[in-house]
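Step one of this worksheet: look at the structure below.
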2 protein chains.
Amino acid sequence: MAASRRSDCPISFALDAFGDRWTLLVIRDLLFKHKHRYSEFLVSEERMATNILADRLRKLEDAGMITRTKAARNAGGVTYELTEKGLDLAPLLVEMILWSAKHDAATAAEPEFVATALQDKQALLAAVTRL
Amino acid sequence: MAASRRSDCPISFALDAFGDRWTLLVIRDLLFKHKHRYSEFLVSEERMATNILADRLRKLEDAGMITRTKAARNAGGVTYELTEKGLDLAPLLVEMILWSAKHDAATAAEPEFVATALQDKQALLAAVTRL
DNA sequence: CTGTATCCTTAGGGATACTG
DNA sequence: CAGTATCCCTAAGGATACAG
């Protein structure tokens, strides 16, 4: 992705930034599933490969959509957090959920997830504007 | 795309449907640029290859997001139209535009495009609910 | 005009082993 | 725990020529 830039179109720009089948799953995990660690991202239902995950995390960091923080000595590990730029994808993700809820049987059968998204929408948008 | 289905997650479902670098450009052309013909899609700034375009048009039709209509004998050619399912992507596209407007210099420098999107948002959402 | 067909190249991705 | 490294393979994509 982010292959140089195909045009000045905003849709095209967005697709260059996250128009693939994996990137937004990482954002989803950060946004809705409150995951912050490499090992947590790995255990998703979609079974992302380790090299793919590492690649996407690096690209998201390069694009300024997440931050990577080496935790203090006593607390082990690395933590990923959304930046404002990443948080600003929340409305987009919510629209994806709503679209799927309307047009996909499996999603429609999961009213709790959709309800959560609808509740979160307010909270997330509030969080975004609060930044 | 649409490789069987990776999980029941709505985000994942949406990505399986249009999570690539080309599909949403076709939707954009239908939605914002009022293109309806194969030859029109081809002349975009992104220079889509003929085989890619044909592939995406077919997949979009298979997914029920667009219709393909052979025009009457006197009027030559084929016309593509968005279905309700395709039209329902309008809010998503608008969110993409707004995100790019905020985070991309080139987009921010195009206030007319963004303004159009904002105006269209109302009209498009009205159109969607009207269906 | 609306595509197919073909060729060929590259990028994406799965599996698995391994390292600081 | 947080990744790299490798291998190997398939799918995606560009170019171009051709067809109904």
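Sequence lines set the chain letters: A, B, ... in the order given, protein chains first and strands last, and positions in each chain run from 1. Side-chain atoms are counted along with the backbone in the values below, which use heavy atoms only and exclude waters and symmetry mates.
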Let's see if you can work this out: which of [options] has an atom nearest to the side-chain heavy atoms of [X]?
X: B:Ala54; options: D:dA2, C:dT4, C:dC1; answer: C:dT4
X: B:Trp22; options: D:dG14, D:dT4, C:dC1; answer: D:dG14
X: B:Ile52; options: D:dG3, D:dA2, D:dG13; answer: D:dG13
X: B:Tyr80; options: D:dA12, D:dT4, C:dG3; answer: C:dG3

Any [X] side-chain nitrogen or oxygen under 4.0 Å from OP1 or OP2 of [N]:
X: B:Arg56; N: D:dG13; result: yes
X: B:Arg47; N: D:dA15; result: no
X: A:Arg37; N: D:dA2; result: yes
X: B:Arg68; N: C:dG3; result: yes

Contact check, side chains of [X] and [Y], non-hydrogen atoms, under 4.5 Å:
X: A:Met48; Y: A:Arg56; value: yes
X: A:Tyr80; Y: A:Val78; value: yes
X: B:Met96; Y: A:Pro10; value: no

- Task: First locate atom CE of B:Met65, then atom CG of B:Leu30, and finally report the distance between them rounded to the nearest 0.5 Å.
- Result: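 Here the interatomic distance stands at 10.5 Å.
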Between [N] atom [atom2] and [X] atom [atom1], what is the distance in whole Å?
X: A:Phe41; N: D:dG3; atom1: CZ; atom2: P; result: 10 Å
X: B:Glu40; N: C:dC1; atom1: CD; atom2: C1'; result: 11 Å
X: A:Ile66; N: D:dA2; atom1: CD1; atom2: C1'; result: 13 Å
X: A:Asp55; N: D:dA2; atom1: CG; atom2: C1'; result: 15 Å
X: A:Glu46; N: C:dG14; atom1: CD; atom2: P; result: 11 Å
X: A:Arg21; N: C:dG13; atom1: CZ; atom2: P; result: 8 Å
X: A:Asp16; N: D:dG13; atom1: CG; atom2: C1'; result: 15 Å
X: A:Asn51; N: C:dA17; atom1: CG; atom2: P; result: 14 Å

- Message: So for B:Thr50 and C:dT2, does any side-chain atom that can act as donor or acceptor lie under 3.5 Å from a complementary atom in the base?
- Response: no
- Pair B:Trp22 + B:Phe41: ring centers closer than 6.0 Å: no
